[in-house]
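Reviewing the structure listed below.
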Amino acid sequence: MRLKIEREGRVVRVRLHRPEVLNALDAALMTELVEALTPLDADPGVGCFVITGSERAFAAGADIKEMSGKSAADMIAEDYFAGWEAFAALRTPKLAAVSGYALGGGCELAMMCDMIIAGDDAKFGQPEITLGVIPGIGGTQRLTRLVGKAKAMDLILTGRLIDAEEAERIGLVSRVVPAETLAAEANAIAEQIAGYGKLAVMAARDCVDRALETGLADGIRYERRAFHALFATADQQEGMRAFKEKRAPEFTGR
Ligand code: CAA
């Protein structure tokens, strides 16, 4: 098994587990990841995923040894990396809790998550240029949208690694916490998010993602439709009723 999965209440924690190769992401790991999370994604009882690695590495990239034997024809015929989009498309919020290396495909996997919480020992980078290739799982696109051209070019053209503090400063990372408290902090954030109405949470993350893909006027229209639609949910009724009654809401995900 390349993953360790545990569910606690509404939070599902997934630990990438190929310690011998610093959690290099091969096709089998990605298949296992998507097969494990897809049914949980549809479960209204699951409110948040936390994706994490080891202390030494979140993931040191796509598996270079697996890729190295492939020809261009293999890559095209297999549409190598296409399966990763299934991970990105999961609608349950995903937190990446990053300790150690998040490089290449590891950084790209973290960027497919909704938030990156980094331990202060984390290192991020897109070193593919040092291998004679480029980021191939969305890195040139997502990184540029997240941190802008200047920093994306810097990281992608030089392949240099940045620490957690710089990653937070440039907007790649949501929060930096002491490495020893990373798991606890990530769980606390996940539990907070998982405690809200899942339909509202899914709509919120969908609308924020839409902002990376569309112009302002279209994005605002999209947001307004999503906002209006939430008034068809029991959780909207419950959330607003609970506010008026000065009590905590009890969301059901419906
Ligand atoms: N793929 C396959 N194996 C990897 C790997 C990867 N991405 N990263 C590390 N490993 C393996 C190493 O080969 C090594 O295995 P062996 O013991 O069998 O030699 C083991 O993990 C431990 O690694 P190191 O001995 O190199 O550990 P280190 O502490 O000296 O260095 C490191 C750590 C700086 C992360 C270094 O391992 C490294 O540079 N890894 C590669 C990083 C990289 O280039 N990532 C991008 C991959 S390409 C990609 O992701 C494509 C894409 O965007 C589409």
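Start at 1 and go down the list; that is how both ligands and their atoms are numbered. Values below: all heavy atoms of this structure, side chains included; hydrogens, waters and symmetry mates excluded.
In this structure, the protein non-hydrogen atom closest to atom 16 (P) of ligand 1 is Lys65 NZ, 3.9 Å. Nearest to atom 17 (O) of ligand 1 among the protein's heavy atoms is Glu20 O, 4.5 Å. When only non-hydrogen protein atoms are considered, atom 53 (O) of ligand 1 lies nearest to Glu128 OE2, 2.4 Å. The protein non-hydrogen atom at the shortest distance from atom 37 (O) of ligand 1 is Leu22 CD1, 3.8 Å. The protein heavy atom nearest to atom 39 (O) of ligand 1 is Leu103 CD1, 4.8 Å. Remark: minimum distance from atom 48 (S) of ligand 1 to any protein heavy atom is reached at Leu131 CD1, 3.6 Å. Of the protein's heavy atoms, Val21 CA, 3.2 Å lies nearest to atom 21 (O) of ligand 1.
Distance remark: protein heavy atom not present below 4.0 angstrom from atom 31 (O) of ligand 1. Within a 4.0 Å radius of atom 28 (P) of ligand 1, the protein contributes one or more non-hydrogen atoms. At least one protein heavy atom sits closer than 4.0 Å to atom 2 (C) of ligand 1.
Listed by number with element, the atoms of ligand 1 under 4.0 Å from a non-hydrogen atom of Gly136 are 52 (C), 53 (O), 54 (C). Listed by number with element, the atoms of ligand 1 under 4.0 Å from a non-hydrogen atom of Gly104 are 46 (C), 50 (O). Heavy-atom proximity to Glu108, at under 4.0 Å, picks out these atoms of ligand 1: 52 (C), 53 (O).
One finds no salt bridge joining Glu223 and Arg210 here, because no Lys/Arg side-chain nitrogen approaches an Asp/Glu carboxylate oxygen to under 4.0 Å. One finds no salt bridge joining Arg241 and Glu250 here, because no Lys/Arg side-chain nitrogen approaches an Asp/Glu carboxylate oxygen to under 4.0 Å. The residues Arg142 and Glu85 are annotated as salt-bridged, a charged nitrogen and a carboxylate oxygen being separated by less than 4.0 angstrom.
Where the criterion is an N or O separation shorter than 3.5 Å, residue side chain and backbone included, Ala60 meets it with respect to ligand 1. The shortest N or O to N or O distance between Ile137 and ligand 1 is not below 3.5 Å. An N or O contact shorter than 3.5 Å is missing between Pro127 and ligand 1 by distance. Of the polar atoms of Tyr101, none of the N or O atoms is found under 3.5 Å from an N or O of ligand 1, judged by distance alone. In terms of polar-atom proximity, defined here as any N/O pair under 3.5 Å, Thr130 makes no such contact with ligand 1. Residue Pro135 has no N or O atom closer than 3.5 Å to an N or O atom of ligand 1.
With hydrogens and angles ignored, the 3.5 Å screen pairs a side-chain donor or acceptor of Asp74 with a backbone N or O of Ser71. No donor-acceptor pair closer than 3.5 Å links the side chain of Asp63 to the backbone N or O of Ala24. For Lys198 (side chain) and Asp43 (main-chain N/O), a donor-acceptor pair under 3.5 Å exists by modelled atom type.
Between Phe227 and Phe231, the two ring planes are tilted [angle within 30° to 60°].
Other residues, nucleotides and ligands place no more than 12 heavy atoms under 6.0 Å from the CD atom of Glu8. Other residues, nucleotides and ligands contribute more than 12 heavy atoms inside 6.0 Å of the CZ atom of Arg169.
Atom 47 (C) of ligand 1 has its nearest heavy-atom neighbour, among Ile64, Thr140, Ile134, in Ile64. Distances from atom 50 (O) of ligand 1 to the heavy atoms of Gly105, Ser68, Pro19 put Gly105 nearest.
For the pair Met115 and Ile189, the tightest heavy-atom approach, listed with the atom from each and the gap, is CE-CG2, 4.1 Å.
Considering only residues two or more places apart in sequence or on other chains, Arg56 meets the side chain to side chain donor-acceptor pair (under 3.5 Å) condition with none of them.
With a 4.0 Å heavy-atom cut-off, ligand 1 is reached by the side chain of Ala24 but not by its N, CA, C or O. Using a 4.0 Å cut-off between heavy atoms, Val133 makes no contact with ligand 1 at all. With a heavy-atom cut-off of 4.0 Å, Arg56 touches ligand 1 through its side chain alone.
Taking the side chain as every heavy atom from C-beta outward, Glu6 and Arg15 never approach each other to under 4.5 Å. Side-chain contact between Ile129 and Thr158 is absent, with no heavy atoms from C-beta onward closer than 4.5 Å.
Asp206 and Tyr222 are linked by a side-chain donor-acceptor pair at a separation below 3.5 angstrom, with hydrogens and angles left out of the test.
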